[in-house]
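Could you have a look at this structure, given as structure tokens, before my questions?
Just so it is clear: chains get the letters A, B, ... in the order the sequence lines come, proteins before strands, and each one is counted from 1.
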There are 2 protein chains.
Amino acid sequence: MASKSNIFTIASETGYSVSTVSRVLTGQAEKFRISKKAIDLISETARRLNYQPDLVAQTLRTKQSRTIGLLVPGIDNPFFATLAGIIIKLLGDRGYHTLLADSREAEAEEEQALQMFLGRKVDGIITVPVSSSAARLEQISQQTPVVLIDRHFSKTNLPYVCTDNYVGARMATEYLLQHGYKRILAIQGVRSSMPNQERLRGFKDALKGEDVIYEAVGDAFSVENGHDEIVRAFGGNGSRFDAVFAFSATILLGAIDAFRELNIKVGEEVGIISYDNNGFLDFLDPAITRVEQPLREASELAVETLFSIMEARREGRSEPEVLQRLIPPTLVVRSSC
Amino acid sequence: MASKSNIFTIASETGYSVSTVSRVLTGQAEKFRISKKAIDLISETARRLNYQPDLVAQTLRTKQSRTIGLLVPGIDNPFFATLAGIIIKLLGDRGYHTLLADSREAEAEEEQALQMFLGRKVDGIITVPVSSSAARLEQISQQTPVVLIDRHFSKTNLPYVCTDNYVGARMATEYLLQHGYKRILAIQGVRSSMPNQERLRGFKDALKGEDVIYEAVGDAFSVENGHDEIVRAFGGNGSRFDAVFAFSATILLGAIDAFRELNIKVGEEVGIISYDNNGFLDFLDPAITRVEQPLREASELAVETLFSIMEARREGRSEPEVLQRLIPPTLVVRSSC
DNA sequence: TAATTGCGCACAATCGTTTGAGCAATACTT
DNA sequence: AAGTATTGCTCAAACGATTGTGCGCAATTA
């Protein structure tokens with residue numbers, strides 16, 4: 001009953017027309033020379049009737065929903081959950097709401113979500129893409145601004161904010177080398193994904209010319225993958241490897257678990273280093289040395305970028321040029337290697 | 001350009017009226033005796049023009065958005081992230097989208113989010129409430145179905161699905177007793193919250209008549225709280241306690257950290273048991289014995305409940321009666337006590 | 001006094017759908 | 001052959017807002 005009041009109710013209640021009411025309520029009063037008397041009466045009445053604008057009607061008319069579509073490949077993954085949390089907050093601060101969808105690493109679900117975003121008339125899209133091609137997103141971005149985060153495509157002019165996975169992996173690998181490890185096993189995540197490729201490249205480049213042996217196995221950002229690859233590599237009689245580079249925190253967990261099963265002491269018998277931030281890595285024993293990504297900074301940059309594009313388009317300006325950012329990660333040293 | 005086609009485009013393209021097009025596209029064709037010829041032509045044209053209905057316009061007209069508002073107190077908390085992930089998936093399976101908001105444990109932000117949900121005409125709301133009173137939500141639920149999850153209010157007829165925190169805490173405490181612990185420290189979360197109160201009640205009831213000493217300290221579901229209370233209780237020369245019951249996984253982490261600082265061996269010198277599910281509790285050393293909440297089951301029940309109410313209201317039926325569910329948690333035994 | 005200007009507001013179209021009511025043509029009845 | 005049913009569709013009014021245009025009136029100017 002409270003929310004039954006609309007612009008028309010207020011109009012008849014105050015005796016003014018709906019247009020006047022609308023202009024007052026949208027803050028266009030002085031632009032249209034509405035009298036102070038009218039402004040006061042209308043605002044007061046709106047408050048009294050507990051008027052809440054119908055955002056759906058507003059959107060239909062104005063083509064602006066003050067909503068951003070956020071698409072991640074798995075909200076149950078702490079990494080994306082943290083990311084989503086930060087972004088939702090940042091958008092909220094700017095008066096925008098978030099329509100969250102989960103592609104579950106599947107292209108079909110990604111496409112569905114994008115359709116939905118467009119149908120819902122979101123003002124912009126922030127996404128961690130899962131599809132292998134940028135084509136669809138590039139097409140969409142002509143209509144609705146799109147900013148990629150965490151993952152990007154090799155040749156695309158879509159704006160993105162990613163951490164520099166190449167540098168991160170290089171840092172991690174060099175750290176292992178400096179500490180005397182000579183036989184390194186890398187466990188990868190989804191191979192087709194850009195972060196994984198970059199990490200692999202960084203890993204290999206760091207090893208170039210070094211007197212070490214190495215191998216890069218695995219194919220998923222999952223606990224199981226970490227577990228299975230460790231069992232495979234360390235399960236037999238002894239192992240060729242003295243250190244492990246886990247390409248994600250989930251992989252790391254699986255590895256830790258496998259080492260425990262195999263009764264191999266992490267930090268002593270084998271060194272281990274991981275990618276990803278994740279507060280609880282500090283609570284493992286030993287605490288895990290890792291490459292952390294500046295999630296907050298990345299999120300802020302992504303949101304900023306998105307809004308600058310939105311603003312530019314709204315004002316018919318050409319879009320800013322530098323829209324692809326690679327930000328450097330940080331090495332957090334603990335005691336696992 | 002692709003998405004510029006609307007129902008009117010299709011109408012003029014096919015020569016039929018917009019009403020006919022609409023009825024075909026919404027599957028009401030035979031109900032209105034549209035000819036097969038018309039159906040075929042219209043569907044074919046829609047496909048050819050890549051028609052996507054404007055969900056905003058649809059919502060305005062039908063008052064149904066096929067969207068559910070999901071409100072959690074902190075999406076960056078793994079517990080709620082997991083919950084959100086499950087719920088988003090379940091809703092997606094039923095053809096519904098999710099508008100996600102984060103109240104950050106603040107009443108003001110909760111209220112804002114609820115306003116937004118109503119303005120957006122969500123068809124239903126699933127929320128982990130943070131406010132101390134049920135009043136506002138009860139008011140809203142007359143307009144839009146509301147289901148509480150994880151937390152509820154003591155006397156309310158709002159439907160909810162929570163785990164039985166009383167039983168869970170009792171189970172945990174009894175487990176400690178059975179294993180010979182005699183001096184138990186409980187570290188609480190937010191005292192005003194229903195889950196905390198229930199856990200405390202379960203804890204105390206389990207100890208009734210037993211020959212043990214105990215204390216319940218702390219006041220936040222945070223790592224710091226866990227840390228500080230352990231330091232306070234175990235920091236001096238020896239401690240009165242031989243076991244700790246952490247009321248949440250965050251508290252547990254703080255405790256683990258503090259024990260490490262104090263050089264006290266968990267599992268040997270002190271037993272510890274925790275609340276909350278959290279996959280990584282298995283990766284700590286020792287793995288933590290804990291009370292897990294059946295998140296999936298709870299989510300399914302909550303979604304089911306919400307839809308049954310929505311359906312009942314749509315059909316003008318009276319709403320189902322039994323809508324408040326307390327589901328039993330599970331004791332997951334590991335090696336920390 | 002008549003023409004001009006500015007002020008304060010109202011009219012009505014519009015956004016893209018859905019939907020109750022109605023209407024012309026054909027088919028069926030008796 | 002005239003009346004009734006059925007078929008297959010169209011008309012136009014909503015939903016709740018925004019917004020370009022225009023109009024009556026008073027104050028100012030000529």
- Query: Pick the nucleotide of DNA chain D nearest each of B:Val18 and A:Ser22; which residue has the one closer to the 5' end?
  - Reply: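 Its nucleotide being nearer the 5' end, the pick is B:Val18.
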- Donor-acceptor pair, A:Gln52 side chain versus B:Leu118 backbone, under 3.5 Å?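 Not a single qualifying donor-acceptor pair exists.
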- Task: May I ask you to say what A:Ser35 touches in the nucleic acid, namely base, sugar-phosphate or nothing, with a heavy-atom cut-off under 4.0 Å?
- Result: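 Contact class for A:Ser35: sugar-phosphate only.
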- Message: Once side-chain hydrogen bond (donor to acceptor under 3.5 Å, both in side chains) is applied, do any residues pair with A:Ser19, and if so which ones, sequence neighbours excluded?
- Response: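 Listed in chain order: A:Ser17.
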- Task: With DNA chain C as reference, determine whether A:Lys37 or A:Lys121 sits nearer its 5' end, using the nearest nucleotide of each.
- Result: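 Its nearest nucleotide lies further toward 5', so the answer is A:Lys37.
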- Any sub-3.5 Å donor-acceptor pair from B:Ser5's side-chain atoms to B:Leu49's backbone N or O?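 At least one qualifying donor-acceptor pair exists.
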- Does a side-chain N or O from B:Tyr16 land closer than 4.0 Å to OP1 or OP2 of D:dC9, or not?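 It does, given that an N or O in the side chain of B:Tyr16 lies less than 4.0 Å from OP1 or OP2 of D:dC9.
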- Output all residues satisfying salt bridge (charged side-chain N to carboxylate O under 4.0 Å, His left out) with A:Arg104, sequence neighbours left out; order by chain, then residue number.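 With neighbours one apart ignored, the set is empty.
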- D:dT19 phosphate, OP1 or OP2: any side-chain N/O from A:Gln28 under 4.0 angstrom?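 True: A:Gln28 side-chain N/O within range (under 4.0 Å) of D:dT19 OP1/OP2.
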- Item | DNA chain C-proximal residues of residues 55-67 of chain A, any heavy atom under 4.0 Å |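 Listed by number, they are A:Leu60, A:Arg61, A:Lys63.
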- Query: Between A:Leu306, A:Thr127, A:Ile309, which is the residue that forms a side chain to side chain contact (heavy atoms under 4.5 Å, CB included) with A:Val146?
  - Reply: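 Of the listed residues A:Leu306, A:Thr127, A:Ile309, the side chain to side chain contact (heavy atoms under 4.5 Å, CB included) partner of A:Val146 is A:Thr127.
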- Of all of residues 40-48 of chain B, which get a heavy atom below 4.0 angstrom from DNA chain C, listed by number?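 Under 4.0 Å from DNA chain C: no residue of residues 40-48 of chain B.
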- Message: Mind checking if B:Gly119 touches a base, just sugar-phosphate, or nothing, with heavy atoms under 4.0 Å?
- Response: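 Nothing: the residue B:Gly119, judged by heavy atoms under 4.0 Å, touches no strand.
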- Query: Reading DNA chain C 5' to 3', which nucleotide is the first, and which the last, to come under 4.0 Å of any heavy atom in chain B?
  - Reply: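 It runs C:dG16 to C:dA21.
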- Task: Could you pull out all residues at least two apart from B:Arg313 that satisfy salt bridge (charged side-chain N to carboxylate O under 4.0 Å, His left out)?
- Result: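 Partners of B:Arg313 by the salt bridge (charged side-chain N to carboxylate O under 4.0 Å, His left out) criterion, ordered by chain and then number, come out as B:Glu319.
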- Heavy-atom donor-acceptor pair, B:Asp150 side chain to B:Cys162 backbone, under 3.5 Å: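 Absent.
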- Message: Within the 3.5 Å criterion, strictly below it, is a donor on A:Glu138 or A:Thr156 matched to an acceptor on the partner's side chain?
- Response: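 Per modelled atom types, A:Glu138 and A:Thr156 side chains form a pair under 3.5 Å.
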- Whole-Å gap separating P (D:dT18) and CZ (A:Phe8):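 It is 15 Å, rounded to the nearest whole Å.
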- Message: If we check side chain to side chain contact (heavy atoms under 4.5 Å, CB included) with A:Ser131, which of these qualifies: A:Glu111, A:Arg136, A:Glu107?
- Response: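 Only one option passes, and that is A:Glu107.
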- Item | Set of salt bridge (charged side-chain N to carboxylate O under 4.0 Å, His left out) partners for A:Arg61, sequence neighbours left out |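 In terms of salt bridge (charged side-chain N to carboxylate O under 4.0 Å, His left out), with neighbours along the sequence ignored, A:Arg61 is linked to no residue.
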- Query: Okay, side chain of B:Gln324, backbone of B:Leu158: is any donor-acceptor separation there less than 3.5 Å?
  - Reply: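 Looks like yes, one N/O pair under 3.5 Å.
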Show me the side-chain donor-acceptor pairs of residues 67-74 of chain A shorter than 3.5 Å, one per line, residues at least two apart or across chains.
unit_1  : atom_1 : unit_2   : atom_2 : d
A:Thr67 : OG1    : A:Ser65  : O      : 3.0
A:Thr67 : OG1    : B:Arg120 : NH1    : 3.0
A:Thr67 : OG1    : B:Arg120 : NH2    : 3.2

- Whole angstrom value for the distance that separates P of D:dT19 from CG of A:Leu25: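 Roughly 13 Å, once rounded to whole Å.
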- Item | Bend angle of the helix from C:dT1-D:dA30 to C:dT30-D:dA1, from helix axes over five pairs at each end, nearest 10° |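 End axes: 60° apart.
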- Query: Which residue pairs pass the salt bridge (charged side-chain N to carboxylate O under 4.0 Å, His left out) test when at least one of the two sits in residues 32-43 of chain B, sequence neighbours left out?
  - Reply: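 Every salt bridge (charged side-chain N to carboxylate O under 4.0 Å, His left out) pair that includes a residue of residues 32-43 of chain B, provided the two are not neighbours, is B:Lys36-B:Asp40.
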Mind listing the N/O atom pairs, protein and nucleotides 20-29 of chain D, below 3.5 Å?
unit_1 : atom_1 : unit_2  : atom_2 : d
D:dG20 : O6     : A:Arg23 : NH2    : 2.6

- Task: Answer yes if the side chains of B:Ser103 and B:Glu109 hold a donor-acceptor pair under 3.5 Å, and no otherwise.
- Result: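 Absent: no donor and acceptor within the cut-off.
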- Query: Listed by chain and number, what are the side chain to side chain contact (heavy atoms under 4.5 Å, CB included) partners of A:Ser133, not counting sequence neighbours?
  - Reply: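 So A:Ser133 forms a side chain to side chain contact (heavy atoms under 4.5 Å, CB included) with A:Ala135.
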- Task: Examine B:Arg325 relative to B:Tyr160 and say whether NZ or CZ is less than 6.0 Å from the centre of the six-membered ring and inside a 45° cone about the ring axis.
- Result: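 So B:Arg325 doesn't make the cation-pi contact.
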